[in-house]
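One structure below.
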Amino acid sequence: MKETPWWKRAVIYQVYPRSFADSNGDGVGDLPGVIAHLDYLQTLGIDAIWLSPVYCSPQYDNGYDISDYRGIDPLFGTMEDMERLIAEAGMRGIRIVMDLVLNHSSDEHPWFLSAKSDRESPYHDYYIWRDAGQAEDGPDSVGQASWKWVPEIGQVYYYQFSEKQPDLNWANPALRRELYDMIRWWADKGLGGFRLDVVDHLGKDPDLGVKVKGPRLHEFIREMRREAFVRPDLMTVGEAWSATPEEAKRYSDPAGSELSMVFGFEHIKLDQAEGGDKWDLAPLPFLRFKQVMARWQTELREKGWNSLFWENHDLPRIVSRWGDDGARRETCAKMLAVLLLGMEGTPFLYQGQELGMTNIALLEEQYNDVETLNMIRDRRKRGDVDEATILRAAAAKSRDNARTPMQWDAGENAGFTSGTPWLPVNPNYREINAAEQLGRPDSVFSCYRELIRLRHTLPVLSEGAFRLLLPEHEAVFAYERESAEARLLVECNFYGDTIPDPLDGEERGELLLSNLTGALPGTLRPYEARIYLKNRKGEH
Ligand code: GLC
């Protein structure tokens, strides 16, 4: 029998280093800051850290614009710090997963500097060019593909994200070889794996448009798997906004020819208006949400592998987004934890999620995120939505919501920095912080820690087959996980009303975990979440 890979039993924690912990008082988090909090992460019980980019970068897109793939940006520390992080984490049983941004480089990467100054440069073909007249110079707007005019050589180059992030030309085998060498070089430092930024964008053909996948995408991923992800224990997860369950199976097929898994975003895109984008707010359609989660669970069963997530550095905080970040914040954050960590797949937590951190209300001039700033500018120019709607969208969905500094304690700047934080600390840090939650048994942190422990000890949580219960119920998200040994039942009241318990009287097994003390027989209290376990041993 093939051994189960480590990442199928793992819980992975994303560190956005810029906002995690600052060790030198410059207001920006850094690698020594991460090292200083490894004990905290070990207490939480996670198996790996996905580290957002720390490579050399002009930081136009906070590190997702790389100018040297083999160097550490001095903002974050040195290569010695990086190696020390890998070693120190390893001593605590924690692997490091690095972020690979392979769709584009920074326009300050030496490859691009050479490419844009000379058509004969060996690096010219590392990027995608058209002669004057073949493509139009377009306005720079993050997330909208366009072309940028370079007068020195009389050509335009292609970009999908911003003009500071020119697309790499994946059709060029020399470029691909160079990237694979770089990946192997990093893997050799003892990494646990890689997260691949916008993997579904690789190799796009500008003539086919951004909506169409690159015709050779899967060929490239398979090649990269063979040439770069050579160590069999490496975990690879691709960010794939466009993925359907069908495609996710292809990316993550159990034969391992492509990736371990992808981040699928179908659930994340449910709270936006039909035909609009993420800024066109709409309430979460609950029944559809359950259906979507269930479809990914059942379709990928034994044919692929799921990632499980509510948050990352691009998404708002989940308690603010789909829950209650007011009076019932803690109960609600725990319910969302139970709901997610009860499913099949590899859970990814984003820093601060384990504390139930919330969105922040920023003034317009306080936004840092280029995507938000461009949205505000573009919508104003378009003139079809009013000012209040624009600002409401920014407040709800800005990536800055996730990027405010980690709330360590009730001291100055939440213990994040002794200097001036690069982005404001959420003023609620006096109530919501790690120090307050660590030793408190009913904290959000304690709930996550217990759920992680259960995932490590109960095989039914990693192996059991998922079945959605009560698909038509308007408030309860319930499902079971079933294996040969056990049956687990997860029941969550997704909303803030007290309701009759629809599973009351059923054979549920013993109560394993609950986010509220006591019980009101026959009812589910606001955001109440429960896990029941029934062992199969002795049954016929
Ligand atoms: C991904 C990253 C995001 C970045 C973009 C461009 O979506 O998660 O932060 O801006 O790719 O690299």
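These numbers come from the heavy atoms of this one structure, side chains and all, not from hydrogens, waters or symmetry mates. Whatever order the structure lists ligands and atoms in, that order sets their numbers, starting from 1. This is a predicted model, so every value here is computed, not measured.
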Output yes when E247 and K213 qualify as a salt bridge under the 4.0 Å nitrogen-oxygen rule, no when they do not.
yes
Thinking salt bridges, do R399 and D314 make one under a 4.0 Å N-O criterion?
yes
Consider only side-chain N and O atoms of [X] and [Y], and report whether a donor and an acceptor are under 3.5 Å apart.
X	Y	value
D73	S57	no
Q353	W310	no
T404	D400	no

Can you check whether W241 has an N/O within less than 3.5 Å of an N/O in ligand 1?
no
List ligand 1 atoms under 4.0 Å from [X], heavy atoms only on the residue side.
X	answer
R399	3 (C), 4 (C), 9 (O), 10 (O)
R403	9 (O)
H313	2 (C), 3 (C), 8 (O), 9 (O)
V198	1 (C), 7 (O), 11 (O)

Check for me whether Q160 has a heavy atom closer than 4.0 Å to any atom of ligand 1.
no
Are H104 and ligand 1 in contact, using a heavy-atom cut-off of under 4.0 Å?
yes
Within the distance-only criterion (no hydrogens, no angle test), does the side chain of W186 pair as donor or acceptor with the backbone N or O of Y69 below 3.5 angstrom?
yes
